[in-house]
Amino acid sequence: MIKCVFLDRDGTICEDMGYLDDYRKMVIYPFAVEAVKIIKKKGYKIFVVSNQSGVARGRFGIEEAERQKQYLLEYFLKNDAEIDGYFYCPHHKDGVITEFAIKCDCRKPETGMLKKAVSLETIDKQHSYVVGDKLIDVEMAVNAGINGVLVLTGYGKEELNRCKNEPGKFFLFRDLLEFARELS
């Protein structure tokens, strides 16, 4: 059994800039590298899982989504903080690019990206987490039977206000670094 941390990208690892159409505009949070190093040191595999409907919506092409993926992976590797994999969903049922305008099993809160990363049967579900700034990240965790974590960066504070009456469904941290430090 392997322990995994699945990280949302926008609002969790880097600033959420809406539809990021150029990887050179990506602003990675200053604490993200340290957080990844801490998580790795604690024996976890780390995977990025990100909805990128900008492809389906025609805001940027699949080539740009690939450049964003490469940039992020290289950035962390260059800073001695290796990420084990990066998966994104380019689909959206209301998209304008026919090839990507579909309802799929990889768009969060579905678990398709997790399944691409590792076999869900091999995950130590009690010690694995989906970390993100939106409730769909927490829902993805619930759907996979693992722990959900909401961080207050990105849309986290807004999302927390939406679910004030539903405590206990997820863990809550100020940011990814606080989560990493508290992780056992």
Side-chain angles (χ1 to χ4, degrees), residues 1-23 26 28 32 36 39 44-76 82-125 127-151 153-156 159 162 169-170 176 179:
M1 301 294 260
I2 56 173
K3 300 185 301 183
C4 298
V5 174
F6 299 95
L7 300 175
D8 170 54
R9 189 187 82 182
D10 302 325
T12 304
I13 295 173
C14 63
E15 290 181 17
D16 190 326
M17 306 176 111
Y19 295 104
L20 181 65
D21 61 358
D22 185 336
Y23 74 94
M26 187 181 294
I28 297 172
V36 167
I39 295 167
Y44 288 80
K45 295 265 187 199
I46 299 176
F47 301 97
V48 173
V49 289
S50 182
N51 282 347
Q52 293 298 317
S53 69
V55 175
R57 295 173 191 272
R59 301 290 183 102
F60 54 89
I62 195 77
E63 300 82 13
E64 176 57 32
E66 283 295 314
R67 283 191 291 270
Q68 292 171 20
K69 173 182 174 177
Q70 281 312 117
Y71 174 76
L72 188 134
L73 290 173
E74 289 171 11
Y75 178 90
F76 279 87
E82 186 174 5
I83 291 175
D84 296 289
Y86 181 122
F87 302 89
Y88 62 91
C89 172
H91 308 115
H92 195 283
K93 64 181 179 59
D94 299 325
V96 296
I97 307 299
T98 308
E99 174 184 1
F100 300 106
I102 62 170
K103 182 168 174 18
C104 63
D105 73 345
C106 59
R107 183 168 178 75
K108 292 185 237 176
E110 302 301 323
T111 59
M113 286 187 283
L114 303 183
K115 292 174 185 172
K116 285 181 185 176
V118 292
S119 163
L120 292 181
E121 290 76 39
T122 64
I123 294 177
D124 177 350
K125 292 184 178 187
H127 297 102
S128 291
Y129 302 84
V130 175
V131 182
D133 68 318
K134 294 184 179 170
L135 294 176
I136 59 168
D137 299 306
V138 172
E139 290 171 36
M140 177 192 231
V142 169
N143 290 341
I146 61 178
N147 300 294
V149 175
L150 184 69
V151 291
T153 49
Y155 286 98
E159 293 284 279
R162 288 183 40 209
K169 289 192 173 187
F170 52 84
L176 182 59
F179 164 76

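What you are looking at is a predicted structure, and each value in this text was computed from that prediction instead of being measured. Values reported hereafter were calculated over all heavy atoms of this structure, with side chains retained and with hydrogens, waters and symmetry mates removed.
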Pairwise salt bridge (charged side-chain N to carboxylate O under 4.0 Å, His left out) hits with a residue in residues 83-101, at least two apart: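 Of all non-adjacent pairs touching residues 83-101, those that pass salt bridge (charged side-chain N to carboxylate O under 4.0 Å, His left out) are Lys40-Asp84.
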Check whether any side-chain N or O of [X] sits under 3.5 Å from a backbone N or O of [Y] as a donor-acceptor pair, and report yes or no.
X: Thr122; Y: Ser119; value: yes
X: Ser128; Y: Val5; value: no
X: Glu139; Y: Lys134; value: no
X: Asp137; Y: Val149; value: no

Results of salt bridge (charged side-chain N to carboxylate O under 4.0 Å, His left out) for Asp133 - residues two or more places apart only: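 Salt bridge (charged side-chain N to carboxylate O under 4.0 Å, His left out) check on Asp133 returns nothing, list empty.
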Salt bridge (charged side-chain N to carboxylate O under 4.0 Å, His left out) against Asp124, all qualifying residues, sequence neighbours excluded: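 Listed in chain order: nothing, the list is empty.
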Roughly how far, to the nearest 0.5 Å, is the [atom2] atom of [Y] from the [atom1] atom of [X]?
X: Glu74; Y: Arg67; atom1: CD; atom2: CZ; answer: 12.5 Å
X: Cys106; Y: Asn51; atom1: SG; atom2: CG; answer: 8.0 Å
X: Ile123; Y: Lys115; atom1: CD1; atom2: NZ; answer: 10.5 Å

What closest approach, in Å, do [X] and [Y] show between heavy atoms, and which atom pair accounts for it?
X: His127; Y: Lys3; value: O-CB, 3.5 Å
X: Ile46; Y: Ile83; value: O-CG2, 3.6 Å
X: Met113; Y: Cys89; value: SD-N, 3.6 Å

Pair Asp8 + Lys108: basic N to acidic O under 4.0 Å: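 Yes.
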Arg162 and Glu159 ion-paired at < 4.0 Å: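 Yes, this pair counts.
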Criterion side chain to side chain contact (heavy atoms under 4.5 Å, CB included) on Phe76 and Glu82, from CA distance to verdict: CA-CA 6 Å; Phe76 279 87; Glu82 186 174 5; over 6 Å; no
Can you give me every donor-acceptor pair (side chain of residues 54-62, partner residue at least two apart or in another chain, under 3.5 Å) with its distance?
from: Arg57; atom 1: NE; to: Tyr19; atom 2: OH; distance (Å): 3.0
from: Arg57; atom 1: NE; to: Ser53; atom 2: OG; distance (Å): 3.0
from: Arg57; atom 1: NH2; to: His92; atom 2: NE2; distance (Å): 2.9

Heavy-atom check, side chain of [X] versus side chain of [Y], under 4.5 Å:
X: Phe6; Y: Ile146; value: yes
X: Phe87; Y: Leu114; value: no
X: Met140; Y: Ile136; value: no
X: Asp105; Y: Thr111; value: no
X: Gln52; Y: Asp10; value: yes

Glu66-Gln70 side chain donor-acceptor pair, cut-off 3.5 Å: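 No, no side-chain donor-acceptor contact under 3.5 Å.
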Residue pair Arg9 / Tyr88, side-chain donor-acceptor N/O under 3.5 Å: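 Not at all, the side chains of Arg9 and Tyr88 share no donor-acceptor pair under 3.5 Å.
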Test side chain to side chain donor-acceptor pair (under 3.5 Å) applied to Tyr44 - qualifying residues, sequence neighbours left out: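 Per chain and number, Tyr44 pairs via side chain to side chain donor-acceptor pair (under 3.5 Å) with no residue.
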Chi angles and distances behind the side chain to side chain contact (heavy atoms under 4.5 Å, CB included) call for Leu72, Met26: CA-CA 9 Å; Leu72 188 134; Met26 187 181 294; 3.9 Å; yes
Qualifying residues under ring-ring contact (aromatic ring centres under 6.0 Å, His included), relative to Phe179, sequence neighbours excluded: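 With neighbours one apart ignored, the set is Tyr129, Phe173.
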Pair Val130-Val142, side chain to side chain contact (heavy atoms under 4.5 Å, CB included): steps then yes or no: CA-CA 9 Å; Val130 175; Val142 169; over 6 Å; no
Evaluation steps, side chain to side chain contact (heavy atoms under 4.5 Å, CB included), between Val49 and Leu7: CA-CA 6 Å; Val49 289; Leu7 300 175; over 6 Å; no
Residue of the set Thr153, Ile28, Val131 for which side-chain contact (heavy atoms from CB on, under 4.5 Å) holds with Ile13: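 The single option meeting the side-chain contact (heavy atoms from CB on, under 4.5 Å) with Ile13 is Ile28.
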More than 12 heavy atoms of other groups within 6.0 Å of Lys125 NZ: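 Counting other residues, nucleotides and ligands, NZ of Lys125 exceeds 12 neighbours.
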